[in-house]
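Please read the structure below before turning to the comments.
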There are 2 protein chains.
Amino acid sequence: MSTVPVGRSDEDGASAVRPPNMRDVARRAGVSHQTVSRVLNDASAVRSDTRDRVLSAIEELGYRRNSAARALVTRRSRTFGVITMPATLYGPASTLHAIELAAQEAGYFVRVATISGFERHALTEALRWLEEGPVEGLVVLAPLLGTAAKLGELWEEMPVVFVEGATSTGLASVSVDQVAGARAVTEHLLEQGAGAPVWHVTGPADWVEAQQRVVGWRSALADAGVRAPDPLPGTWSPSSGYAAGLDLARRGDVRSVFVANDRMALGLLRAFAEAGVRVPEDILVAGYDDVPEAAFYSPPLTSVRQDFAGVGRHSIGSLVDQVEGAGTAGRGAAVLPPTLVVRQSSLAPVPRRARRSGAGWAPDEGVTPGRPRPPAGHDLATPS
Amino acid sequence: MSTVPVGRSDEDGASAVRPPNMRDVARRAGVSHQTVSRVLNDASAVRSDTRDRVLSAIEELGYRRNSAARALVTRRSRTFGVITMPATLYGPASTLHAIELAAQEAGYFVRVATISGFERHALTEALRWLEEGPVEGLVVLAPLLGTAAKLGELWEEMPVVFVEGATSTGLASVSVDQVAGARAVTEHLLEQGAGAPVWHVTGPADWVEAQQRVVGWRSALADAGVRAPDPLPGTWSPSSGYAAGLDLARRGDVRSVFVANDRMALGLLRAFAEAGVRVPEDILVAGYDDVPEAAFYSPPLTSVRQDFAGVGRHSIGSLVDQVEGAGTAGRGAAVLPPTLVVRQSSLAPVPRRARRSGAGWAPDEGVTPGRPRPPAGHDLATPS
DNA sequence: CGGCCTAGTGTGAGCGCTCACAGATTGGCT
DNA sequence: AGCCAATCTGTGAGCGCTCACACTAGGCCG
């Protein structure tokens with residue numbers, strides 16, 4: 001490792017404390033700066049002993065390539081921008097983290113612009129901020145309806161990928177199949193509830209994911225010939241689930257509820273507990289997201305797991321294809337299948353045939369520390 | 001807003017699709033490139049009508065300054081690096097988000113390097129990755145013991161701030177006062193439990209925060225003249241809390257438990273529920289972190305809230321001071337006070353005087369949707 | 001009325017790198 | 001020996017910006 005301090009004090013005695021540059025390395029290795037550049041980039045067309053000399057000069061000087069200079073001449077920043085909301089929500093936060101990880105693996109940097117809302121003005125400002133970078137591509141974590149349309153004409157020629165939310169536009173997008181997930185969980189509740197109507201607590205109406213979960217829920221009920229009750233509005237927050245829970249507990253005719261995310265389901269379970277409604281004996285409950293804590297709710301919550309890491313990888317993969325590949329590479333719409341994870345909250349206790357396909361009564365690993373996520377669940381094939 | 005496509009096709013008919021540069025703007029405004037630069041930077045020493053002409057030329061051309069060129073000559077990237085773990089944990093994720101937000105407000109970009117562990121090799125590699133940037137300063141989210149020491153000599157002259165974990169080194173650090181938080185929650189449990197010993201489920205032993213919570217817990221017990229029971233080891237995960245809960249439920253003599261984070265407390269509550277232990281009637285429970293869901297656990301969980309946004313702001317503030325200020329600016333150790341949030345899980349039901357200082361039986365806002373975080377809680381003065 | 005200050009502007013160099021191309025060296029064939 | 005191709009290496013320009021400095025014009029003083 002480097003033992004020589006930065007800067008050079010040999011040769012011409014330039015006393016500057018500036019870091020060593022390519023020319024310094026070249027001089028030390030007895031080659032030209034261009035050969036150093038070749039070693040760093042091509043690796044080809046350089047005789048191996050020359051390369052070795054250059055590499056050891058780099059090591060000795062503690063040389064690090066100046067990426068600003070590199071970016072200047074190549075017009076490539078190796079940076080992707082991410083536009084996101086100030087969400088500490090489990091889903092978006094996990095996706096963002098996965099994106100950062102995937103980008104790092106692909107050798108790109110990520111620059112995050114957080115916006116407070118999806119109004120046009122905020123979007124424009126975020127783009128400005130990112131373009132200062134500048135960025136080579138854009139990931140838009142745009143879970144609200146209409147974001148894609150609003151942004152549509154803002155970039156020209158800038159590679160972009162919409163995550164969790166874009167549809168219909170010709171642009172690249174990556175998402176988890178929310179309709180399939182909602183269908184699966186609804187069908188499961190129908191089966192466990194012996195065909196009784198499945199109620200639904202929605203997410204905010206302007207979220208694409210919330211809307212698609214409604215669609216999946218409706219279609220499963222329609223296919224079963226069961227009339228859909230009016231959905232109860234929620235806001236993703238536990239308190240909105242709590243409110244919905246109080247509503248549902250007051251009615252006497254509810255047999256099962258599909259809640260659009262786990263946090264709301266937690267609030268709903270709390271309301272049921274206070275109202276003396278037993279889960280799953282009186283009412284079956286299922287959530288969505290499969291947060292790591294879901295297996296430890298009371299009772300352990302049936303949920304739908306999403307592959308956030310996969311979403312991150314696909315997003316970055318699409319951008320890399322668009323930037324490095326030619327033509328229409330990476331332009332498609334990737335749709336990832338979700339996984340139903342069955343736990344106690346949705347299993348009708350009486351007909352004990354309910355234990356199916358590895359689903360257990362969590363906490364299923366018992367006292368074993370670690371991630372409480374059993375490999376249980378069926379993979380759902382992507383329908384579209 | 002810009003209606004002219006990028007590049008220029010007027011003047012000398014250069015057909016290039018390159019974006020407009022400073023010289024293009026200068027030509028259009030009838031000034032020199034240097035005057036354009038002055039408008040963009042100093043703003044001083046330019047006559048106002050000249051400035052206006054330059055600004056409108058910028059607008060018309062859709063000019064955006066090339067930050068690579070700027071960074072090259074100024075040797076300033078306006079970028080901070082963040083070294084973090086692949087944590088989807090609530091605390092680190094919130095802190096990271098707060099850091100990004102604070103940096104954006106201060107006009108800096110953030111580059112995140114995620115490492116899988118705090119071994120020396122991984123750290124070195126992360127530094128390499130960030131230095132490629134290069135970055136002007138470093139935020140080290142280093143919650144593991146000894147990270148600071150391991151990194152100690154790796155940078156020379158690079159501004160750095162340790163978040164949640166560093167101590168004793170002379171370097172800048174920002175953290176929440178874990179000892180004070182643990183003391184407060186332990187004292188509260190002692191009072192509610194009428195002086196009965198408070199048990200403790202710890203976090204992983206190599207986490208600074210876990211260790212300091214143990215310290216706070218011990219000192220509160222010592223001050224009260226109560227012997228500290230052996231702490232139960234945990235891993236931050238709900239399942240480890242579940243395991244600890246089974247252990248504690250088996251003993252008959254436990255009156256109260258302070259669990260080192262909310263996720264473990266959730267697992268512990270689950271174990272108690274299965275074992276037929278009632279909370280708070282049989283055992284009082286409190287957690288740490290005050291995750292947004294804590295108010296909806298069964299029962300609602302007493303916890304300690306940390307000001308993550310404040311941590312983010314302080315971290316970035318310290319780096320900005322170090323970079324822009326002179327000398328020893330921003331070098332101190334900032335310690336932020338936590339807030340105890342009392343909920344049902346820790347309130348002894350019999351002596352009803354327990355309702356104090358705004359603490360309520362959550363979900364205290366009832367059915368109102370929104371953040372389930374009451375303004376309740378006492379602020380703890382920073383002791384150190 | 002010439003010298004000097006100040007405000008406003010222009011000129012040229014160069015940051016560290018990559019690109020396009022030119023030059024040097026080698027080896028294999030006639 | 002001579003020549004061509006293949007392989008390796010060097011040269012110089014220039015990316016878009018900021019910095020240091022030179023220059024001009026006008027106002028004020030001696």
Kindly say if B:T50 contacts the phosphate of C:dT9, meaning a side-chain N or O under 4.0 Å from OP1 or OP2.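 The answer is yes; a side-chain N or O of B:T50 sits under 4.0 Å from OP1 or OP2.
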Measure from [atom1] on [X] to [atom2] on [N] and round the result to the nearest Å.
| X | N | atom1 | atom2 | result |
| --- | --- | --- | --- | --- |
| A:R47 | D:dA6 | CZ | P | 19 Å |
| B:D52 | C:dG8 | CG | P | 14 Å |
| B:R76 | C:dC15 | CZ | C1' | 16 Å |

Between the protein and nucleotides 25-28 of chain D, are there any N/O to N/O pairs under 3.5 Å, and if so, what are the atom names and distances?
none

If you restrict it to nitrogen or oxygen atoms, what contacts under 3.5 Å exist between nucleotides 17-19 of chain D and the protein, and what is each distance?
{"from": "D:dC17", "atom 1": "OP1", "to": "B:Y63", "atom 2": "OH", "distance (Å)": "2.3"}
{"from": "D:dC17", "atom 1": "OP1", "to": "B:N66", "atom 2": "N", "distance (Å)": "3.1"}
{"from": "D:dC17", "atom 1": "OP2", "to": "B:M22", "atom 2": "N", "distance (Å)": "2.5"}
{"from": "D:dT18", "atom 1": "OP1", "to": "B:N41", "atom 2": "ND2", "distance (Å)": "3.2"}
{"from": "D:dT18", "atom 1": "OP1", "to": "B:R65", "atom 2": "NH1", "distance (Å)": "3.4"}
{"from": "D:dT18", "atom 1": "OP1", "to": "B:R70", "atom 2": "NH1", "distance (Å)": "2.7"}
{"from": "D:dT18", "atom 1": "OP2", "to": "B:S37", "atom 2": "OG", "distance (Å)": "2.8"}
{"from": "D:dT18", "atom 1": "O4", "to": "B:H33", "atom 2": "NE2", "distance (Å)": "3.3"}
{"from": "D:dC19", "atom 1": "N4", "to": "B:Q34", "atom 2": "OE1", "distance (Å)": "2.9"}

DNA chain C: 5'-proximal contact among B:V31 and B:R75 (nearest heavy atom):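 In this pair, the answer is B:V31.
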So which atom in [X] and which in [Y] form the shortest heavy-atom distance, rounded to 0.1 Å?
| X | Y | result |
| --- | --- | --- |
| B:V112 | B:E100 | CG2-OE2, 3.8 Å |
| B:P20 | B:L61 | CG-O, 3.6 Å |
| B:S32 | B:A26 | C-CB, 3.5 Å |

For A:R78, is there an ion pair with A:E136 - N to carboxylate O distance below 4.0 angstrom?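 No, A:E136 and A:R78 are not salt-bridged.
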Can you check whether B:L40 reaches B:Y63 side chain to side chain, under 4.5 Å on heavy atoms?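 With C-beta onward as the side chain, the pair touches.
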Please evaluate residues B:L141 and B:F162 with respect to the criterion side chain to side chain contact (heavy atoms under 4.5 Å, CB included), reporting the C-alpha separation (whole Å), side-chain torsions for both, the decisive distance (0.1 Å), and the verdict. CA-CA 6 Å; B:L141 259 159; B:F162 286 90; over 6 Å; no
Please check: side-chain N/O of B:S315 versus main-chain N/O of B:V311, any donor-acceptor pairing under 3.5 Å?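 Yes: the side chain of B:S315 pairs with the backbone of B:V311.
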Quick one: do B:I99 and B:F80 satisfy side chain to side chain contact (heavy atoms under 4.5 Å, CB included)? Show the steps, please. CA-CA 10 Å; B:I99 286 169; B:F80 290 139; over 6 Å; no
